[in-house]
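Report on the following structure.
Residue numbers count from 1 along this sequence.
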Amino acid sequence: MSQSVLTGMENSAVTVLKRAVELDRESRLQNSLVCYQEGIHLLLQVLKATKDDTKKVHYREKITKYMDRAEQIKSQLNKLKEEGKYHEQIKIPAAATGFSYEKLFKPYLDLFVTEVWVEDPYIKQVHQLYNFLRFCEMLLKGPCKVKTIHLLTSLDNSDSNSQQSRGLEEIKESLQSYGVTLEVNYSPSIHDREIRFNNGWMIKIGRGLDYFKKTQGRFSIGYCDFDLRQCHETTVDIFHINHTKNS
């Protein structure tokens, strides 16, 4: 491994671990654990590649320190989950960036996620259908092995051949080609917005999936990359429950 690659990997590890510490201080335990694990993995790669004995000692000390903290967080998380007391809140300020679906949901997805429930009354308009599509794409990229997605939304009665029904049918057919079943149900009284994974995580977003602002134009930064898209102000509440309810 060249020195430049090694330096780049070390810088990446430092960045990720700094983020882990920040999240740890904010009591965002699950997110901080994911960052600690990623940073430790990078540092182990650096340790393996370095030939400087002094640096090896330094890396080992850092790895031990972060592994100890990661284990403490894991134990704390398990205790909170078992007691049904886990609750984390994220406040997304108006015009904030860096809150794509990947950043928001990936820390709660793992290999055990095979079923997802989405309850959102506003999967109707074109941009809302695209939001749901992007959410589905995020699930397909893993690390989960999703087989079934349940969507409960409200019916758009403005047109018997509405964009809503056509769009959801197209998403359903597309997901089938990836071995994923989409089940769509409608409710005239649905109001709350929540997303549940069958590993026990439940995420409630004040604005549902529709928390992104419109860009100034179709060729503006943030139109494609949602990490660069400004957000509406909203609150995200994250819970862990032992058993997710079925739709």
Side-chain angles (χ1 to χ4, degrees), residues 8-48 58-94 96-113 116 135 138-139 141-146 194-207 209 211-212 225-229 231 233-242 244:
M9 190 177 294
E10 182 178 6
N11 290 338
S12 295
V14 169
T15 299
V16 173
L17 289 166
K18 279 184 177 178
R19 182 60 177 154
V21 172
E22 290 172 2
L23 291 165
D24 194 352
R25 288 171 180 164
E26 295 171 7
S27 297
R28 293 175 60 181
L29 299 180
Q30 182 66 23
N31 285 267
S32 66
L33 178 60
V34 170
C35 286
Y36 276 126
Q37 291 171 334
E38 183 181 344
I40 290 166
H41 174 73
L42 288 169
L43 270 188
L44 284 169
Q45 296 297 107
V46 173
L47 174 63
K48 185 178 178 181
H58 172 72
Y59 292 141
R60 287 193 184 101
E61 289 176 350
K62 289 291 186 182
I63 289 168
T64 299
K65 171 187 171 184
Y66 291 124
M67 285 183 73
D68 287 346
R69 181 54 188 154
E71 285 302 315
Q72 290 172 2
I73 291 174
K74 194 181 293 184
S75 297
Q76 189 176 351
L77 275 169
N78 288 336
K79 185 173 184 293
L80 289 169
K81 288 177 185 178
E82 288 170 6
E83 295 174 351
K85 294 180 180 178
Y86 186 92
H87 176 217
E88 176 185 338
Q89 188 173 87
I90 303 169
K91 291 187 179 293
I92 301 179
T97 58
F99 289 95
S100 66
Y101 296 148
E102 283 81 4
K103 289 286 178 64
L104 195 59
F105 294 107
K106 277 295 178 72
Y108 308 98
L109 294 171
D110 55 35
L111 293 171
F112 301 104
V113 176
V116 177
F135 177 78
M138 182 267 301
L139 293 174
K141 289 191 291 186
C144 51
K145 305 293 183 183
V146 172
E194 67 178 46
I195 293 169
R196 305 188 305 278
F197 305 133
N198 68 325
N199 61 354
W201 288 110
M202 178 169 65
I203 296 97
K204 294 190 174 188
I205 309 174
R207 297 183 63 95
L209 291 174
Y211 60 88
F212 296 103
D225 189 338
F226 272 32
D227 268 324
L228 300 174
R229 178 80 71 92
C231 299
E233 181 177 352
T234 194
T235 300
V236 183
D237 286 287
I238 300 151
F239 304 89
H240 188 276
I241 51 180
N242 289 329
T244 52

Checklist line | Trace of the side-chain contact (heavy atoms from CB on, under 4.5 Å) decision for T235 with Q89 | finding: CA-CA 7 Å; T235 300; Q89 188 173 87; 3.5 Å; yes

Distance-minimising heavy-atom pair for [X] and [Y]:
X: K103; Y: D227; result: CG-OD1, 3.2 Å
X: F112; Y: D110; result: N-OD1, 2.9 Å
X: G39; Y: V16; result: N-CG1, 3.6 Å

I'd like to check [X] versus [Y] (side-chain heavy atoms, cut-off strictly below 4.5 Å). Are they in contact?
X: K106; Y: P143; answer: yes
X: L23; Y: V34; answer: no
X: R69; Y: D24; answer: yes

Margin query: One pair to check against side-chain contact (heavy atoms from CB on, under 4.5 Å): Q30 and H240. What are the steps and the verdict?
Written below: CA-CA 11 Å; Q30 182 66 23; H240 188 276; over 6 Å; no

First locate atom [atom1] of [X], then atom [atom2] of [Y], and finally report the distance between them rounded to the nearest 0.5 Å.
X: L42; Y: M9; atom1: CG; atom2: CE; result: 6.5 Å
X: Q76; Y: E71; atom1: CD; atom2: CD; result: 13.0 Å
X: E38; Y: L17; atom1: CD; atom2: CG; result: 9.0 Å
X: L29; Y: Y36; atom1: CG; atom2: OH; result: 10.0 Å
X: M67; Y: R60; atom1: CE; atom2: CZ; result: 13.0 Å
X: I92; Y: T97; atom1: CD1; atom2: OG1; result: 11.0 Å

Notebook entry, point to check: Do W201 and F105 have their ring centres less than 6.0 Å from each other?
Noted result: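 Aromatic pair excluded; centres sit 6.0 Å or further apart.
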
Notebook entry, point to check: With no hydrogens and no angle check, do the side chains of Y108 and N31 hold a donor and an acceptor under 3.5 Å apart?
Noted result: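 There is such a pair between these side chains.
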
Notebook entry, point to check: Please walk me through it: do V236 and I205 pass side-chain contact (heavy atoms from CB on, under 4.5 Å)?
Noted result: CA-CA 4 Å; V236 183; I205 309 174; 4.1 Å; yes

Notebook entry, point to check: Ignoring hydrogens and geometry, is there a side-chain-to-backbone donor-acceptor pair from H41 to A13 under 3.5 Å?
Noted result: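 A pair under 3.5 Å: no.
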
Notebook entry, point to check: Are the side chain of E88 and the backbone of I238 linked by a donor-acceptor contact shorter than 3.5 Å?
Noted result: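 No.
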
Next item on the list: Return the set of residues passing ring-ring contact (aromatic ring centres under 6.0 Å, His included) with Y211 (not counting sequence neighbours), or none when no residue passes.
Entry: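 ring-ring contact (aromatic ring centres under 6.0 Å, His included) list for Y211, sorted by chain: Y101.
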
Checklist line | Atom CE of M138: over 12 foreign heavy atoms under 6.0 Å | finding: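 Yes, because the 6.0 Å sphere around CE of M138 holds more than 12 heavy atoms from other groups.
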
Check: Any ion pair linking E22 and R19 (charged N to carboxylate O, less than 4.0 Å)?
Finding: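 Looking at R19 and E22, the cut-off is met.
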
Note to self: For E82, is there an ion pair with K79 - N to carboxylate O distance below 4.0 angstrom?
What the structure shows: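 No.
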
Notebook entry, point to check: Should V113 and N198 be marked as a side-chain contact (heavy atoms from CB on, under 4.5 Å) after you check the CA-CA gap, both sets of side-chain angles, and the distance that decides it?
Noted result: CA-CA 6 Å; V113 176; N198 68 325; 3.9 Å; yes

